[in-house]
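One structure is given below, encoded as C-alpha cells.
Side-chain atoms are counted along with the backbone in the values below, which use heavy atoms only and exclude waters and symmetry mates. Just follow the structure's listing: the first ligand is 1, and inside any ligand the first atom is 1. All residue numbers in this chain count up from 1 along the given sequence.
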Amino acid sequence: MSLNQKTAVITGSNSGIGLGIARELAKAGANVVLNSYTDTDEDHALAADMAAEFGVEVRYVSADLSDGDAARGLIERAGACDILVNNAGIQHVAAIDKFPTDKWNAIIAINLSSAFHTTAVALPMMRAAGWGRVINIASAHGLTASPYKSAYIAAKHGIVGLSKTVALETAREPITCNAICPGYVLTPLVESQIPDQMETHNMDRETVIREVMLERQPSKEFATVEQLGGTAVFLCSDAAAQITGTTISVDGGWTAL
Ligand code: NAD
C-alpha cells in the first residue's frame with residue numbers, strides 16, 4: 001500500500017519501537033516526523049539517512065513530552081499530521097510503597113498525558129485533511145498487570161481507555177484510533193529493565209530473560225520492531241478503516257493465557 005502524501009508523526013522515535021514504526025511508515029511512502037527530547041547531530045542524521053533510504057521527507061523535531069505544551073508544540077511544528085503514533089514511553093520498576101513520586105509523575109506524563117495533548121492538536125488537522133489514523137503504543141501491560149510496574153501499568157491501561165474514547169469521538173469520520181499492545185520487544189527500554197529484574201529476582205541475564213521477562217510470552221520469542229511497524233502500516237490501510245477503538249496484541253500469545 002502507499003502512504004504517499006501522508007505525514008506521520010511518531011513520538012519517541014529516535015530508537016526502539018518508534019524508530020521501527022517510522023521506518024515501516026517511510027517504506028510505505030509516508031513523510032515522517034521523528035521525535036525525542038534530545039536534539040543531537042545523531043538525531044538529525046537519523047532523519048537525513050531515513051529520507052535518503054526511502055525517498056520521503058523526514059524531519060527530526062525535538063520536544064520533551066513530559067511537558068504538555070511541548071507535546072502540543074510538536075504537532076504544531078510538524079505542520080501536518082495524518083498519522084499520529086503515540087509511542088514515547090519510559091519505565092521504572094519498584095514496589096509501590098517504594099515507588100518514587102517523581103517517577104510516577106514522569107511515567108504518567110510521558111506514557112499517557114502526552115498522547116492526550118498530541119491527539120488534541122492532531123485531530124483538527126486530520127479533520128481538515130479528511131482522513132486520519134491515531135495509533136497508540138500501549139502494551140500487554142495495557143491489558144494485564146505485573147508486580148512492581150504500577151505507574152507503567154496504570155498509564156498503559158489509561159492509554160487503552162483513551163484510544164476507545166477518541167475512537168468514539170471520531171466514529172463517524174474517516175479517522176480511526178486504536179492501541180497496539182506489544183509483548184516483549186528487545187529494545188533499549190527492555191534492555192534497561194534487565195539489571196533491575198536481575199537484582200529483584202537474583203538471577204543471571206539469560207535466566208531472567210527466559211524465566212521472568214518471556215515467562216508470560218508463550219512463543220518464547222521477543223516481538224520485533226519490524227512486526228510492530230507492519231501492524232501500524234496495516235492500521236493505516238483501507239482494510240483497517242472499520243477497525244477502531246480496539247487493541248491489537250503483538251505478544252506471542254501473552255494475553256491468551
Ligand atoms: P525506547 O527506550 O527504545 O524508546 C522510547 C522512546 O521514547 C525513545 O525514542 C526515547 O527517546 C523517547 N522518550 C523518552 N522520554 C521522552 C520524552 N520525555 N520526550 C520525548 N521522547 C521521549 O523503548 P521502546 O521499547 O522502543 O518503547 C517504545 C514504546 O513501546 C513505549 O511506549 C513502551 O512502553 C512500549 N512498549 C515497549 C515494549 C518492549 O518490549 N520494548 C513492550 C510493550 C510496549
Side-chain angles (χ1 to χ4, degrees), residues 9-24 32-40 42-43 46-47 60-75 77-78 85-93 102-103 105-115 117-118 135-146 149 151-160 162-163 179-194 197 209 212-217 219 221-229 231-232 247-252 254-255:
V9 181
I10 304 100
T11 70
S13 48
N14 67 349
S15 76
I17 293 170
L19 179 58
I21 291 174
R23 287 179 56 80
E24 295 301 318
V32 162
V33 175
L34 299 173
N35 154 262
S36 182
Y37 58 92
T38 52
D39 197 6
T40 64
E42 288 76 25
D43 292 327
L46 193 63
Y60 179 85
V61 177
S62 174
D64 182 347
L65 301 182
S66 62
D67 172 359
D69 289 339
R72 287 172 184 263
L74 165 64
I75 306 301
R77 285 158 66 202
V85 183
N86 288 304
N87 166 80
I90 59 168
Q91 174 65 285
H92 186 78
V93 179
D102 63 333
K103 296 286 185 195
N105 289 337
I107 289 172
I108 298 298
I110 296 166
N111 296 22
L112 177 58
S113 301
S114 72
H117 293 293
T118 55
I135 300 170
N136 293 322
I137 306 307
S139 169
H141 279 134
L143 303 168
T144 64
S146 300
K149 298 182 178 179
Y152 186 86
I153 285 162
K156 293 302 185 180
H157 277 69
I159 205 160
V160 169
L162 177 67
S163 306
I180 298 176
C181 295
Y184 268 113
V185 188
L186 194 56
T187 62
L189 185 88
V190 167
E191 193 64 55
S192 73
Q193 291 175 37
I194 294 175
Q197 293 279 18
I209 289 175
V212 178
M213 305 186 79
L214 294 182
E215 191 246 331
R216 292 168 73 179
Q217 196 144 311
S219 66
E221 286 183 30
F222 286 108
T224 68
V225 298
E226 290 79 10
Q227 290 161 354
L228 291 162
T231 306
T247 57
I248 298 187
S249 291
V250 184
D251 68 0
W254 177 333
T255 45

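Asn105 places no side-chain N or O within 3.5 Å of a backbone atom of Asp102 that could act as its donor or acceptor partner. No side-chain donor-acceptor contact under 3.5 Å links Thr187 to the backbone of Ile17. When atom types are taken as modelled, the side chain of Glu42 and the backbone of Leu46 share no donor-acceptor pair closer than 3.5 angstrom. With hydrogens and angles disregarded, a donor-acceptor distance shorter than 3.5 Å links the side chain of His157 to the backbone of His141. For the pair Asn35 (side chain) and Ile10 (backbone), a donor-acceptor distance under 3.5 Å is absent. Of the possible donor and acceptor atoms, none in the side chain of Gln197 sits under 3.5 Å from a partner among the backbone N and O of Val212.
Residue-to-ligand polar distances keep Ile110 apart from ligand 1: every N/O pair is separated by 3.5 Å or more. The shortest N or O to N or O distance between Ser139 and ligand 1 is not under 3.5 Å. The shortest N/O to N/O separation between Ile17 and ligand 1 falls below 3.5 Å. Remark: ligand 1 and Gly12 share an N or O pair separated by less than 3.5 Å (distance only, no angle test).
Remark: minimum distance from atom 17 (C) of ligand 1 to any protein heavy atom is reached at Tyr37 CD2, 3.5 Å.
Annotation for Lys156 and Ala138: closest pair NZ-O, 3.5 Å, computed over non-hydrogen atoms. Of all heavy-atom pairs between Cys181 and Leu143, the closest is SG-CD1, 3.9 Å.
Residue contact check for ligand 1: Ser192 places no non-hydrogen atom closer than 4.0 Å to it. Using a 4.0 angstrom heavy-atom cutoff, His141 does not count as in contact with ligand 1. Contact analysis leaves Asn111 out of contact with ligand 1, as no non-hydrogen atom separation drops below 4.0 angstrom.
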Would Ile21 and Val225 satisfy side-chain contact (heavy atoms from CB on, under 4.5 Å), going step by step from the backbone distance to the final call?
CA-CA 7 Å; Ile21 291 174; Val225 298; over 6 Å; no
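Close contacts between ligand 1 and Gly16 involve ligand atoms 3 (O), 26 (O) [criterion: under 4.0 Å to a heavy atom]. Taking a cut-off of under 4.0 Å to the non-hydrogen atoms of Ile90, the atoms of ligand 1 that pass are 14 (C), 15 (N). Every atom of ligand 1 is numbered from 1 in the order shown, and the set under 4.0 Å from a heavy atom of Ala63 is 19 (N), 20 (C). Residue Tyr184 approaches ligand 1 through these ligand atoms, each under 4.0 Å from one of its heavy atoms: 40 (O). Heavy-atom proximity to Tyr152, at under 4.0 Å, picks out these atoms of ligand 1: 33 (C), 34 (O), 35 (C), 36 (N), 43 (C), 44 (C). Residue-ligand proximity, Gly183 to ligand 1, at heavy-atom distances under 4.0 Å covers atoms 38 (C), 40 (O), 42 (C), 43 (C). The contact set between ligand 1 and Asn87, taken as ligand atoms under 4.0 Å from a residue heavy atom, comprises 28 (C), 29 (C), 30 (O), 31 (C), 32 (O). Contact atoms of ligand 1 toward Val190: 39 (C), 40 (O), 41 (N) (distance under 4.0 Å to a heavy atom of the residue).
Summarising the contacts of atom 10 (C) of ligand 1 with Ser36, Gly18, Ser66, the nearest heavy atom is found in Ser36. The heavy atom nearest to atom 4 (O) of ligand 1, out of those in Ala88, Ser13, Ser15, is found in Ser15.
Among Leu228, Val9, Ile137, the one residue that satisfies the side chain to side chain contact (heavy atoms under 4.5 Å, CB included) test with Val85 is Ile137.
For the atom pair Glu221 CD and Gln227 CD, the distance stands at 8.5 Å (nearest 0.5 Å).
At a 4.0 Å heavy-atom cut-off, ligand 1 touches Thr187 through the side chain alone.
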